[in-house]
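Letters A, B, ... are given to chains in the order of the sequence lines, protein chains preceding strands, and every chain is numbered from 1.
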There are 2 protein chains.
Amino acid sequence: MPDTPALRQGSPAKRAAIVRAALDVFVREGYARASVDAIARAASVSKRTIYDYFGDKERLFLSTVEETAAAQAVAFRDLLDHTLGDVADEADLEPALVSFGRAFATEVARSAERAAVMRLMIAEAHHFPALLRTPTEERPAHRALADRLAEFGRRGLLTIPDPDEAAEFLGLLVTVRVNHRSWYGAAPLDDAEIDRLVAGGVRVFLSAYGPSRATDRP
Amino acid sequence: MPDTPALRQGSPAKRAAIVRAALDVFVREGYARASVDAIARAASVSKRTIYDYFGDKERLFLSTVEETAAAQAVAFRDLLDHTLGDVADEADLEPALVSFGRAFATEVARSAERAAVMRLMIAEAHHFPALLRTPTEERPAHRALADRLAEFGRRGLLTIPDPDEAAEFLGLLVTVRVNHRSWYGAAPLDDAEIDRLVAGGVRVFLSAYGPSRATDRP
DNA sequence: GCGGAACTACACTGTACGGTGTAGTGTAGG
DNA sequence: CCTACACTACACCGTACAGTGTAGTTCCGC
């Protein structure tokens, strides 16, 4: 009765290996150029197994992107806890933001994986509308950052009239120049350059949301 | 002697028609999925003519992206003149910046062409390293904006310690949220939303570079 | 040790596409 | 009229790849 001829259950480990290999190949080649044969080779698995697990190339791609993005969201929350988790007073704030920005941007630019997934999603947005479903405000990473900033606002460390907007600007200010210059991970970028870009971004963020700032909107 | 078997001269009009059709198809399908047959059909031209003009698919792609980007740089300078060209005093400044941002972001999000080329370049950065050659500071659009901001700085309308950085932030603040939400043109965005995003970006820009702002760096 | 599921190796089909070669049709200039 | 060129239409080659079918092997639970 079901159109789908029942995917194989299999082992989570093997499934994970396939997803990892698929991510590698998709990121390196793009969706259209990536061949299932190459993915099977990279995962040390027979092509047949991939089809038994995932059905077809499209579903393999979607699973890969979704599972990778989910894992990154978890990693992001960790990063957030480690860098912005214990800001005691105002003196801690800017260093904490810089350290957050640096950790985030470095991961973005160097581990390449996060930016690479972003690049994949941008490239394939037309062909996989499912990828662009989730609005910014509902992404868990965004929520976590917005909540943290709102808390800083309540404690008087920052002036945060709109936590969602503030979170968006912070993430953007510390990462987008890095992403643009590295073409979302396609071109290399050295640490000093990353530091410079992040520091500039944090400076702009603080001038807009810093504690001493009156919200001088009419 | 030359490896290249001499491309055909032909008429500029026909060449332009091919480039326009190629841009359409490349943007819609991506490089790998786009077939030269489809481009020929879209340009109402025989496939053979395309090969006579451009040699192969790769060179067709590069010509398309480069020529489109060059045309956009010209359009950007026009836009700059029309929106930031005659700022008489401080009262003119914010409206002018908003109007610049709105014009730019609207073009980015709606005409789709600029963002689409960006999307193409991001997607193909790995396979066409030539695309990511030019550093930010040397792009003519960036230079034009930076020069304009530097002038505002000299006239005391803004506080611009580093025109290059300021130009980068302004362009970024008014466009990147639009690009991210529209997935570089792949998803629609309504005018009200664009206005909101642009206004927010200009506000942050002015809090960092506004005239009343002391550069309180230690 | 039996049965079934997981898995591999491999052959095979259909199709799409990059690129080429060529014959033939305008078309402009001398 | 003749030559040279731009261009089209079309057939064609080689290859790459998604997806399937299947026979045989390994592995695990009972």
Trainee: Report yes if a side-chain nitrogen or oxygen of B:Tyr53 is closer than 4.0 Å to either non-bridging phosphate oxygen (OP1 or OP2) of D:dC7; otherwise report no.
Mentor: yes
Trainee: Apply the side-chain contact (heavy atoms from CB on, under 4.5 Å) test between A:Leu197 and each candidate in A:His180, A:Arg102, A:Arg177; give the one that qualifies.
Mentor: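 With A:Leu197 as partner, A:His180, A:Arg102, A:Arg177 yield a single side-chain contact (heavy atoms from CB on, under 4.5 Å), made by A:Arg177.
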Trainee: Less than 6.0 angstrom from the centroid, inside 45 degrees of the normal: does B:Arg59 satisfy that with respect to the ring of B:Tyr53?
Mentor: no
Trainee: Please report the distance, rounded to the nearest Å, between CZ in B:Arg41 and C1' in C:dC17.
Mentor: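 So the CZ-C1' distance, B:Arg41 to C:dC17, works out to 12 Å.
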Trainee: Is a salt bridge present between A:Asp147 and A:Arg143, judged by a nitrogen-to-oxygen distance below 4.0 Å?
Mentor: yes
Trainee: Counting neighbours of CZ on B:Arg20 that are heavy atoms of other residues, nucleotides or ligands and sit closer than 6.0 Å, is the number greater than 12?
Mentor: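 Counting neighbours around CZ of B:Arg20, 12 or fewer heavy atoms of other residues, nucleotides or ligands fall under 6.0 Å, so no.
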Trainee: Partners of B:Phe61 by ring pair (Phe, Tyr, Trp, His ring centres under 6.0 Å), sequence neighbours excluded?
Mentor: B:Phe26, B:Tyr31, B:Phe128
Trainee: Can you measure A:Ile50 atom CD1 to C:dA9 atom P for me and round it to whole angstrom units?
Mentor: 12 Å
Trainee: Does the side chain of A:Thr49 get closer than 4.0 angstrom to OP1 or OP2 of C:dT8 through an N or O atom?
Mentor: yes
Trainee: Starting at atom CD of B:Glu29, determine the distance to atom P of C:dA16, rounded to an integer number of angstrom.
Mentor: 14 Å
Trainee: Would you mind reading off the distance between A:Arg48 atom CZ and D:dG21 atom C1', rounded to a whole angstrom?
Mentor: 7 Å
Trainee: Roughly how many Å is it from NZ in A:Lys14 to C1' in C:dA5, rounded to a whole number?
Mentor: 13 Å
Trainee: Could you state the atom-to-atom distance from CG of B:Asp52 to C1' of D:dA9 in whole Å?
Mentor: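 So the CG-C1' distance, B:Asp52 to D:dA9, works out to 14 Å.
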Trainee: Distance check needed: D:dA6 C1' versus B:Arg15 CZ, whole Å only.
Mentor: 16 Å
Trainee: One thing to verify: whether B:Asp81 and B:Arg148 come together as a salt bridge, which I'm taking to mean a side-chain N less than 4.0 angstrom from a carboxylate O.
Mentor: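 The answer is yes: the pair qualifies as a salt bridge.
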Trainee: Kindly give the atom pairs (protein nitrogen or oxygen, nucleotide nitrogen or oxygen) under 3.5 Å for nucleotides 14-18 of chain D.
Mentor:
{"from": "D:dA18", "atom 1": "OP1", "to": "A:Ala34", "atom 2": "O", "distance (Å)": "3.1"}
{"from": "D:dA18", "atom 1": "OP1", "to": "A:Lys57", "atom 2": "NZ", "distance (Å)": "3.0"}
{"from": "D:dA18", "atom 1": "OP2", "to": "A:Val36", "atom 2": "N", "distance (Å)": "2.9"}

